[in-house]
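Presented below is the structure to which this report refers.
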Amino acid sequence: MPRITLPDGSVKEFESAVTARQVAESIGSRLAQAAVGCLVDGELSDLSVVLDRDCTLSIVTEKTREGEADANALYLLRHSTAHVMAEAIQRVVPGALLVYGPPLDTGFYYDIAFPEDRPLKEGDFEAIEAEMTKIVREDRPFTRYEMEYGAGIAKLNKEGNKFKIDNAHRAHEAGSLTLSWYATGEPGKDWEDLCRGPHLPSTGRIGAFKVMSLASSYWHGDENSDRLTRVYGTAFYSKKDLDAYLTRIEEAKKRDHRVLGKKLHLFHIDETVGQGLILWTQRGSIVRKELQKFIAAELEKQGYSEVFTPHIGKLDLYRTSGHFPYYADSQFPPLVDRDHMQQLSDEGCTCAQLSNNLKVGEIEGFMLKPMNCPHHIKIFGSRQYSYRDLPVRLAEFGTVYRWEQSGELNGMTRVRGFTQDDAHLFCTPEQVGQEVLGCLSLVKIIFDVLGMKDYRVRVGLRDPDSAKYTGDPANWDKAEAACREAAKSLGVPFSEEPGEAAFYGPKIDFVVKDVIGREWQLGTVQVDYNLPERFDLGYIGPDNQRHRPVMIHRAPFGSMERFCGVLIEHFAGAFPLWLSPEQIRVLPISEKSNDYAREVVGKLTAAGLRATLDDSDNRVQGKIKAGAEMKIPYLLVVGPRDAENRAVSVRAFGEEKDLGQMPLEDFVAAAGEEYRTKGKVTVRDRMPAGV
RNA sequence: GCCGCUGUAGCUCAGUGGUAGAGCGCACCCUUGGUAAGGGUGAGGUCGCGGGUUCAAAUCCCGCCAGCGGCUCCA
């Protein structure tokens, strides 16, 4: 006699076991028709699930009561569409072995091992989609059946798909006593897949779908294991929703910093210079310089000292720090000492010998610095400090070079040479908490001024199973506790993630998403007890004894390259006045107003504003269009009427109509104010009343 | 690094074996125009690089380089 509690609190009692579908029918035929699945005691299940005990039940339909897409309904849809796609793929490419096909936030994928002589190509998508359409039209039910584990394994062994056998083993290890299959139709007759479920009632519920892309993946995410082909797709309940999703992707692409970087002439990557090496153009450099000025001013307020260090350092430095040879794979190869190089070349040294001799230290050379800390450590170590001098805070816009895998490089967000807004703080153990907090608040100031609200905070801890971390576990525990405490006091949600620590210490990262949803780490604060140890740093304490300082590494932007890339997308290229490479463009109505326009530009420039003149022989409409394309904050239209009043007609970016006329002197003052206050006060605030 | 896709003018792209195209931009000329493109003329390309097949290659094949999507990695 199962008693079933519905979401409204009402209870339905049944004589014997019922399926969720039957319960839905007992509530109403419309609900039963709309139902795609259910939640039993909160767990997403098939509509065919048998309810033989008391439980709570919520019927899942395509839309929530508020009329929005239901996340659970989308999950079912996409999981089911993955099955349909897999069946279609096996029709198109016989011999393709299924591995694993889960739903995602925006779709689904299926990892598949294709025969070596028949890889899947994008050209196959059309055929796959055609087969999928057929399967959907056939409206075949997703039919679940279970087998006891032993019998199930026997079945799988007979079928011989090692990937599915492995999935079954894993399910068993996770405590599953049975294995379940889903047949798309009738078990034993139609296509089926080992799967935990749940699924839609039938393929006919799939409204609209698309096979999106191909990628390679590794079995179990292990690069030494089998290489699989990952086929991505997406599905929605309606064609309209699918189209809206595809349009959204297209729109997002227009905000992509790589697209805008070209269009707005912000940066350039030249394959002759090298992959992952950013050339900051005139315009992009202005954005970067403004950001650097901004942070330098904050650093001055917070008691930092600026330092400058070179781009290279001797290998021994990095042997001490632990960068070399341990991280040699992710560094540019060493620059071998000239004399050594000559000698080796005379002796006919092989590459392997060279490499080995570099590792063991028989050959000296230099390295492009992968991090700034060793140089800063040497500055700290160059004189004696008393505890009264601490914290010592050394800041530098330091350029570092890392050998990122070619497949990883991405516009400005993942590059091989980049400049960190770096600093290293040397403090007493007692000062750690307060210094970390100071660093975090700096990151927050920056994010606030730029209006970046959409970020998450990650506390990166060490992975207890990995050997890549250096240093004493007791120190790690202290550092991790300090980070956790600091993150707590920040007052924003954060996640603790084992395995995300730096090799020398735990860290607190600020992570944002780009336009296509990829996450990038920007600001970071890292506590480090290890490098001071490795470099035997010390300060004299109140007890007249030598003590070990603690180091904090921090970079509120992370890197200028990545930050600017993300910032371009954040503003969709329409920078606020203070950051904009071209703040104001003056558009004379005709040649007759060029002289006055030049005078206007002169006044703006004299006031420290970045102003230009458009004296092309376009009409003013054309000049406005051109200015809008470049996303210039203010366009000043000037004609005889303005010249007569010594005024300008102001048009702000993004406004349909112009803001009206304003005395030239007032505009210069107002724009200057907007620049200095970073937009707290704008020209619009200073427009004459009535506009 | 792995799999797939892409690479043609400064930019965006068309061009399925027969001597390379469009729009925007650029230069010049006409136009002197008051709020999201007035008109004309012209310059500009060893079709990513190197091999091969062919009478003939932007086009077909092989290798490399670079970009894109994902995987893996990210001190």
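Letters go in sequence order (proteins before strands), and every chain restarts at 1.
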| said: Can you measure Asn410(A) atom CG to C73(B) atom C1' for me and round it to whole angstrom units? | reply: 14 Å
| message | Base of C30(B), side chain of Asp617(A) - is there a donor-acceptor contact under 3.5 Å? | response | yes
| task | Calculate the interatomic distance between Gln621(A) atom CD and U35(B) atom P; express it in whole Å. | result | 6 Å
| query | Would the number of heavy atoms belonging to other residues, nucleotides or ligands and lying under 6.0 Å from OH of Tyr455(A) be above 12? | reply | yes
| query | Want to settle it: does Ile516(A) or Gln405(A) sit nearer the 5' end of RNA chain B, counting the closest nucleotide to each? | reply | Ile516(A)
| said: Output one letter per nucleotide in nucleotides 3-14 of chain B: B when a protein non-hydrogen atom lies under 4.0 Å from the base, S when only the sugar-phosphate is that close, - when neither is. | reply: BSS-----SS--
| message | Looking only at the side chain of Ser213(A) (C-beta and beyond, no hydrogens), which of the listed nucleotides A75(B), A36(B), G69(B) gets closest? | response | G69(B)
| message | Any side-chain N or O of Arg258(A) below 4.0 angstrom from OP1/OP2 of C68(B)? | response | yes
| task | Return the value, rounded to whole Å, for the distance between atom CG of Asp642(A) and atom C1' of U35(B). | result | 11 Å
| request: Please say whether the positively charged group of Arg255(A), taken as NZ for Lys or CZ for Arg, lies over the ring of Phe571(A), i.e. under 6.0 angstrom from the six-membered ring centre and within 45 degrees of the axis. | output: no
| How do Gly639(A) and Glu500(A) order along RNA chain B: which one's closest nucleotide is nearer the 5' end? | Gly639(A)
| query | Contacts to RNA chain B from residues 554-564 of chain A, heavy-atom cutoff under 4.0 Å, which residues? | reply | none
| task | Check the distance between G1(B)'s P and Asn224(A)'s CG and give it to me in whole angstrom. | result | 16 Å
| Taking the side chain as C-beta and beyond, is there a heavy-atom pair between Met85(A) and Val231(A) under 4.5 Å? | yes
| query | In whole angstroms, how far is the C1' atom of A36(B) from the CG atom of Asp614(A)? | reply | 13 Å
| query | For Arg585(A) and A36(B), what is the distance between atoms CZ and P respectively, to the nearest whole Å? | reply | 16 Å
| message | What's the gap between U41(B) and G23(B) when it is taken at their P atoms, as a whole Å value? | response | 11 Å
| query | Nearest-Å distance, CZ (Arg402(A)) to C1' (A75(B))? | reply | 6 Å
| task | Would you say whether Tyr327(A) stacks on A75(B)? The test is a distance between ring centres of less than 5.5 Å and an angle between planes of less than 30°. | result | yes
| task | Grab the CG-C1' distance between Leu587(A) and U32(B) for me, whole Å please. | result | 15 Å
| Is there any salt bridge (charged side-chain N to carboxylate O under 4.0 Å, His left out) pair reaching into residues 94-117 of chain A, and which pairs are they, with sequence neighbours excluded? | Asp111(A)-Arg230(A)
| request: Please determine if a side-chain N or O atom of Lys468(A) lies less than 4.0 Å away from the OP1 or OP2 oxygen of A75(B). | output: yes
| Going by heavy atoms closer than 4.0 Å, what residues in residues 416-424 of chain A are next to RNA chain B? | none
| request: Measure centre to centre between the rings of Phe426(A) and His376(A), then say whether the value is under 6.0 Å. | output: no
| note | Base-pair string, RNA chain B, Watson-Crick plus G-U, cut-off 3.5 Å on both distances, | for inter-strand, is (((((((..((((....[..)))).(((((.......))))).....(((((..]....))))))))))))....
| message | I'd like to check Asn372(A) versus Gln420(A) (side-chain heavy atoms, cut-off strictly below 4.5 Å). Are they in contact? | response | yes
| task | Using a cut-off of strictly less than 4.0 Å between a heavy atom of the residue and any atom of RNA chain B, enumerate the qualifying residues of residues 246-257 of chain A by number. | result | none
| field | Nearest-angstrom distance, C1' atom, A22(B) to G63(B) | value | 33 Å
